[in-house]
Amino acid sequence: MAKKESKPTAEIDADGLVVQKYKSTVLVVLPSAEFGDETLRYARSSLYNVHVGTWSVSTESTELIKGRHQDEFLVDGPLAGASMESYSGVVFAGGEGVRELLENADVLRLAREAAQQKKMIGTWGHATEILARAGVLKGRRVTGDPSVAQAVERAGGKYTGRQIEVDGALVTSLDDAVGMRFGKALAALVGI
């Protein structure tokens, strides 16, 4: 008779769902509309695969927010008052909608906090300009939408125009075309 192998039992909540255990959590900052939802899915999925959770915040936290490809969801909390204290990193979602966040004091503060604490920072597309405006790019190699190149250079950064750029704990990508590689780079930094 063959030996019956025992499988580890997962913790189940009151609704019968498996309780997910994460090593850490990454903060995801989203505009209220027109964000790159395809890359966001890759990033969140890649982090989930290495047992890193995500917590999403936006300027709109009481209504559904809508991505470029019509993904709609309710974020986990408001952007105002968010802090990097309990997160292993931050991802600023790219897309045309990010322009609403470029002057947002909370967004710029979060970028500065993450840089000062040497935590993982990820951006793609237009969101790289957040880092330029926050003043955290001096001496750093980054990429993003070509429209942000001058802002990066003025902030003391080196705009490469490459599809993906990893500089220490900073991961930037040109656009949504490298969503899967962007997600894997994030996971490699915080999934250790």
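Just the heavy atoms: all of them, side chains too, but no hydrogens, waters or symmetry mates, feed the values below. As the structure is a computational prediction, the values presented were derived from the model and not from experiment.
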Hey, are [X] and [Y] close enough for a salt bridge, meaning a charged N less than 4.0 Å from a carboxylate O?
{"X": "Arg162", "Y": "Glu165", "value": "yes"}
{"X": "Asp167", "Y": "Arg140", "value": "yes"}
{"X": "Asp71", "Y": "Lys66", "value": "no"}

Compute whether any side-chain donor of one residue and acceptor of the other, for [X] and [Y], lie under 3.5 angstrom apart.
{"X": "Thr128", "Y": "Thr172", "value": "no"}
{"X": "Ser173", "Y": "Gln163", "value": "no"}
{"X": "Trp124", "Y": "Asp175", "value": "no"}

Please tell me if the side chains of [X] and [Y] come closer than 4.5 Å, counting only heavy atoms from C-beta onward.
{"X": "Leu40", "Y": "Leu30", "answer": "yes"}
{"X": "Val142", "Y": "Lys158", "answer": "no"}
{"X": "Val171", "Y": "Ile121", "answer": "no"}
{"X": "Thr25", "Y": "Val52", "answer": "no"}
{"X": "Ile164", "Y": "Thr143", "answer": "no"}

Rounded to the nearest 0.5 Å, how far does [atom2] of [Y] lie from [atom1] of [X]?
{"X": "Leu79", "Y": "Ser58", "atom1": "CG", "atom2": "OG", "value": "7.0 Å"}
{"X": "Glu113", "Y": "Ser83", "atom1": "CD", "atom2": "OG", "value": "4.5 Å"}
{"X": "Ser56", "Y": "Leu74", "atom1": "OG", "atom2": "CG", "value": "8.0 Å"}
{"X": "Leu102", "Y": "Leu108", "atom1": "CG", "atom2": "CG", "value": "8.0 Å"}

Measure from the side-chain N and O atoms of [X] to the backbone N and O of [Y], and report whether any donor-acceptor pair falls under 3.5 Å.
{"X": "Glu34", "Y": "Gly67", "answer": "no"}
{"X": "Asp145", "Y": "Val148", "answer": "no"}
{"X": "Glu60", "Y": "Thr62", "answer": "yes"}
{"X": "Arg112", "Y": "Ala134", "answer": "yes"}

Common cluster, Leu174/Leu131, ILVMFWY with side-chain heavy-atom separation under 4.5 Å: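 Per the 4.5 Å side-chain linkage, Leu174 and Leu131 are co-clustered.
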
Connected via hydrophobic side-chain network under 4.5 Å: Val107 and Val152: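 In one cluster with Val107: Val152, yes.
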
For the residue pair Arg44 and Phe73, would you count it as a cation-pi contact if the rule is NZ or CZ under 6.0 angstrom from the ring centre and within 45 degrees of the ring axis?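 Positive - Arg44 is close enough to the ring of Phe73 and near enough to its axis.
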
Would Leu101 and Val29 count as a side-chain contact (heavy atoms from CB on, under 4.5 Å) here? Give the steps. CA-CA 9 Å; Leu101 301 177; Val29 179; 4.2 Å; yes

Going through the checks in order, is the side-chain contact (heavy atoms from CB on, under 4.5 Å) test met by Leu186 and Leu47? CA-CA 7 Å; Leu186 298 176; Leu47 292 169; 4.1 Å; yes

Within the supplied structure, the quantity of interest is the number of heavy atoms (other residues, nucleotides, ligands) at a distance under 6.0 Å from [X] [atom1]; does it exceed 12?
{"X": "Gln150", "atom1": "CD", "value": "no"}
{"X": "His69", "atom1": "NE2", "value": "yes"}
{"X": "Lys119", "atom1": "NZ", "value": "yes"}

Could you go through the side-chain contact (heavy atoms from CB on, under 4.5 Å) check for Val26 and Met120 one step at a time? CA-CA 9 Å; Val26 167; Met120 184 274 302; 3.9 Å; yes

Assess whether side-chain contact (heavy atoms from CB on, under 4.5 Å) is satisfied between Thr39 and Phe182, documenting all intermediate values. CA-CA 8 Å; Thr39 299; Phe182 176 74; 3.7 Å; yes

